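All figures in this text were calculated on a predicted structure; none of them were measured in a lab. The figures here come from the full heavy-atom set of this structure, side chains too, leaving out hydrogens, waters and symmetry mates. First the proteins, then the strands, lettered A, B, ... as listed; each starts at 1.
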Amino acid sequence: MPPDTLDFEAPIAVLLREIEDLSKLPSTPERDRAIEDLRTRVESIRIDLYAHLRPWQRVLVARHPARPTVLDYVSHLFADFIEIAGDRRFADDRAIIAGLATYKGEPVLVVGHHKGGGDTAQKIQRNFGYARPEGYRKALRAMKLAEKFGRSVVVFVDTPAAYPGVESEERGIAEAIAYNLREMAALTVPIVVVVHGEGGSGGALGIAVGDRILMHEHAVYSVIPPEGCAAILWRNAERKVEAAEALKLTAPDLLRLGLIDEIVPEPPGGAHADGAAAAALLDEPLERALRDIGALDPDTRAERRYQKFRQMGSVGITGE
Amino acid sequence: MAWFKKTRQPIKADRASRMPEGLWVKCPGCSRVLYKKDLGGTLNVCPRCAHHFRIPATERLGTLLDHGRWTEHFAGLASTDPLQFVDTKPYRDRLAAARQATGLEDAVIIATGRLDGTDVVMAAMEYGFIGGSMGIVVGEKLTRAAELALEQRHPFIVVSCSGGARMMEGALSLMQMAKVSAALARLDRAGVPFISILTDPTTGGVTASFAMLGDLNIAEPRALIGFAGPRVIEQTIRQKLPEGFQRSEFLLERGMLDLIVDRREMKSTLALALRFMGAGAARRPAGNPAAPPPLPH
Ligand SMILES: [Zn+2]
């Protein structure tokens with residue numbers, strides 16, 4: 001398979017191989033036309049495949065190594081980015097980045113998980129996006145800085161989970177996430193959350209409390225990874241495809257359940273197919289969210305943020 | 001030819017006890033065989049080695065609230081299975097079985113009562129109900145309880161006993177962590193006491209939300225407390241975890257708990273803590289949390 005094609009993209013992979021083979025031949029009008037035809041077919045198959053993705057396929061797309069990272073969105077949409085490091089307590093966790101930036105001429109704070117993209121060294125440095133307690137504490141420290149100076153916060157969510165290791169437990173990963181949930185609920189400046197990749201359970205939610213929650217078309221957001229769910233409930237991690245269906249973890253599911261506000265469309269073939277186009281598609285919803293939320297007075301905003309989370313779950317409750 | 005058949009009494013839905021059936025029980029802590037009646041007198045703590053047996057939510061409330069009396073709230077709230085979740089069996093069946101076994105609609109009881117004379121709102125989680133897991137009903141009940149405590153300015157006490165977020169309600173369960181924590185933010189800002197009591201086990205999304213947010217975080221001895229499950233961590237690090245990892249004593253040493261309290265001392269400890277907190281919070285003028293309470297006459 002050509003690099004970066006997923007299992008379910010096999011029909012595309014075959015055509016891409018044909019294109020590759022043809023490209024090695026000397027250029028003739030016939031060859032060029034054949035390549036052009038194949039490219040057109042690849043595009044139409046891709047559009048068709050991505051219009052009908054099953055939940056597990058979305059998990060694969062959301063985890064794609066070429067999926068844009070927070071820093072890709074920053075470089076396309078934000079200016080004057082200055083990254084800030086450290087939780088002022090223990091360490092700097094590279095799995096979560098924070099920084100000062102300018103968006104549409106306004107200073108904002110950017111926070112986001114970073115899995116390391118497609119580069120092995122960077123993946124290791126960023127612990128594959130599995131943040132430790134100090135990452136959550138850095139994120140909140142940065143958000144309090146935004147609060148102090150009256151700046152909006154934009155959060156990018158993309159993590160498999162909080163790091164399930166010994167040092168995470170030793171340094172209080174549960175406390176770090178819990179404290180963020182409580183403090184973000186009460187933060188006095190606007191918070192817009194963009195779930196653009198993998199919304200991995202408490203590790204995602206730990207920086208994802210906000211006034212408006214945007215979610216990319218092929219992103220996923222789940223209480224547990226499908227593999228983990230399958231291992232526990234089916235006692236077989238291979239039942240992950242069924243678990244992904246059952247968990248209702250896709251953007252349309254979350255919208256229907258009242259857990260997100262808006263779906264951000266992705267370019268044909270997913271955000272990883274064209275990072276610049278993906279960023280361009282985020283621009284309008286993000287600007288609109290910041291404008292709408294920023295226009296509210298702080299008391300109204302606080303009450304709406306509270307009520308937003310307050311109603312979550314009401315869809316499935318009966319009785320008194 | 002049914003003369004040898006026993007007449008079966010219909011099984012009454014009783015609030016399940018985690019104590020095994022029978023007159024005698026072998027203590028998992030010291031392996032001694034204990035007479036169950038004796039355990040009742042020690043709040044189900046082994047008199048020899050202080051092993052804390054897991055107890056049902058009703059019994060918990062009975063040990064902490066004056067005269068073992070309380071008023072239950074929001075008892076009728078129930079899940080409709082919003083995801084229509086099916087794994088090896090339908091979630092609906094699991095819910096029905098849990099309701100039958102515990103006599104509860106879901107995994108937490110919200111109570112108001114008095115603790116050493118102080119009005120409190122207390123929540124106790126029921127491990128016998130799908131592992132005490134937090135889904136939308138647990139999240140809703142805890143949020144309502146926190147709001148009730150805020151409205152009445154009565155201290156809020158939660159006794160956790162839970163494996164974490166409930167998978168069968170998907171991301172709806174996950175969001176309960178944020179929902180309950182947002183209600184606790186309001187309690188915090190209003191200066192109303194919140195005490196978290198962590199019992200065996202308290203893990204996952206419960207630990208990573210309200211259970212770690214107490215003005216005081218108090219654990220029972222040797223309780224398993226953590227975020228990730230021990231097996232998940234062992235898979236990550238590919239080695240066995242040391243003895244005592246993620247137990248109360250480990251968390252205390254690492255700075256995550258205020259204190260570890262024997263169940264037999266829990267009520268008196270809570271009474272002292274509430275006294276410190278001026279609970280009494282009701283006497284404090286609203287909107288001025290820094291003002292000292294008026295002196296008693
Ligand atoms: Zn014993």
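When each of B:Lys89, B:His73, B:Met212 is checked for heavy-atom pairs under 4.5 Å with chain A, B:Met212 comes out on top. Put simply, of A:Gly258, A:Gly313, A:Ala185, A:Gly316, the one with the most heavy-atom pairs under 4.5 Å next to chain B is A:Gly316. For the set B:Leu77, B:Thr207, B:Thr236, the count of heavy-atom pairs under 4.5 angstrom toward chain A peaks at B:Leu77. Counting heavy-atom pairs closer than 4.5 Å to chain A, the top residue among B:Gly205, B:Ala78, B:Gly255 is B:Ala78. When each of A:Leu257, A:Leu233, A:Ile232 is checked for heavy-atom pairs under 4.5 Å with chain B, A:Leu233 comes out on top. The candidate with the highest count of non-hydrogen atom pairs below 4.5 Å against chain A, out of B:Gly135, B:Ala75, B:Ala183, is B:Ala183. For the set A:Lys308, A:Glu245, A:Glu303, A:Arg235, the entry with the most heavy-atom pairs within less than 4.5 Å of chain B is A:Glu303. Between chain A and the residues B:Pro242, B:Ala185, B:Ala208, B:Gly226, the most heavy-atom pairs under 4.5 angstrom are made by B:Ala208. Put simply, of A:Ile177, A:Val315, A:Ile317, the one with the most heavy-atom pairs under 4.5 Å next to chain B is A:Ile317. Note: A:Ala178 leads A:Gly228, A:Ala178, A:Ala246 in heavy-atom pairs under 4.5 Å with chain B.
Scored by the side-chain hydrogen bond (donor to acceptor under 3.5 Å, both in side chains) test, B:Glu151 finds no partners at all (sequence neighbours excluded). Partners of A:Lys248 under the side-chain hydrogen bond (donor to acceptor under 3.5 Å, both in side chains) rule, at least two apart in sequence or in another chain, do not exist in this structure. B:Phe85 pairs by the ring pair (Phe, Tyr, Trp, His ring centres under 6.0 Å) definition with nothing, not counting sequence neighbours.
For B:Leu251, no part lies near chain A; criterion is any non-hydrogen pair under 4.5 Å. Heavy-atom distances place the side chain of A:Leu205, and not its backbone, under 4.5 Å from chain B. In this structure, the portion of A:Ala302 lying under 4.5 Å from any heavy atom of chain B is its backbone and not its side chain. Contact annotation for A:Glu242: neither backbone nor side-chain heavy atoms come within less than 4.5 Å of a heavy atom of chain B. Contact of A:Val166 with chain B is made through backbone and side chain together, with heavy-atom distances under 4.5 Å. For chain A, no part of B:Tyr91 is nearby; none of its heavy atoms comes within less than 4.5 Å. When heavy atoms are compared at a cutoff of 4.5 Å, B:Val137 approaches chain A by way of both its backbone and its side chain. Looking at B:Asp106, there are no atoms closer than 4.5 Å to chain A (heavy atoms on both sides), in backbone or side chain. For B:Glu253, no part lies under 4.5 angstrom from a heavy atom of chain A. Looking at A:Leu254, only its side chain comes within 4.5 Å of chain B, counting heavy atoms on both sides. Residue A:Ser222 touches chain B through its backbone alone, counting heavy-atom pairs closer than 4.5 Å. Using a 4.5 Å cut-off between heavy atoms, A:Tyr163 touches chain B through its side chain atoms alone. Using a 4.5 Å cut-off between heavy atoms, A:Arg171 contacts chain B through its backbone alone, with no side-chain atom that close. Residue contact with chain A, scored on non-hydrogen atoms closer than 4.5 Å, involves the side chain of B:Phe250 exclusively. Only the side chain of A:Ile224 comes within contact range of chain B, judged by heavy atoms closer than 4.5 Å. Both the backbone and the side chain of B:Leu213 come within contact range of chain A, with heavy atoms under 4.5 Å apart.
Atom CZ of A:Arg256 has more than 12 neighbouring heavy atoms from other residues, nucleotides or ligands inside a 6.0 Å radius. Heavy atoms from other residues, nucleotides or ligands lying under 6.0 Å from CZ of B:Arg231 number 12 at most.
Of all non-hydrogen atoms in B:Ala123 and B:Phe156, the two that sit nearest each other are CB-CE1, 4.3 Å. When all heavy atoms are compared, the tightest approach of B:Met175 to A:Leu259 is CG-CD2, 3.8 Å. Across every non-hydrogen atom of A:Ile207 and A:Asn180, the tightest pair is CG2-ND2, 4.2 Å. Nearest heavy-atom pair, A:Phe309 versus A:Ala208, reported as atom, atom and distance to 0.1 Å: CZ-O, 4.3 Å. Nearest heavy-atom pair, B:Ala178 versus A:Val209, reported as atom, atom and distance to 0.1 Å: CB-CG2, 4.1 Å. Contact record, A:Arg63 with A:Pro226: NH2-CD, 4.0 Å, taken as the closest heavy-atom pair.
Using a 4.0 Å cut-off between a side-chain N of Lys or Arg and a carboxylate O of Asp or Glu, A:Arg305 and A:Asp211 qualify as a salt bridge.
For the pair B:Arg54 and B:Tyr127, the cation-pi criterion (under 6.0 Å, within 45° of the ring axis) is fulfilled. Both tests pass for B:Arg186 against the ring of A:Tyr306: distance under 6.0 Å to the centre and angle within 45° of the axis.
Taken from CZ in A:Arg126 to CZ in A:Arg94, the straight-line distance is 4.5 Å, to the nearest 0.5 Å. A distance of 10.5 Å separates CE of A:Met184 from NZ of A:Lys144, quoted to the nearest 0.5 Å.
Checking each of A:Glu170, A:Glu169, A:Glu167 against A:Arg132 for a salt bridge (Lys or Arg N to Asp or Glu O under 4.0 Å) leaves exactly one that passes, namely A:Glu167.
Side chain to side chain, A:Gln307 and A:Gln311 fail the donor-acceptor criterion of an N or O pair below 3.5 Å. In this model, a donor atom of one side chain and an acceptor atom of the other lie less than 3.5 Å apart for A:Glu147 and A:Thr188.
The contact list for residues 161-170 of chain B toward chain A, using heavy atoms and a distance under 4.5 Å, reads B:Ala165, B:Met167, B:Met168, B:Gly170 by residue number.
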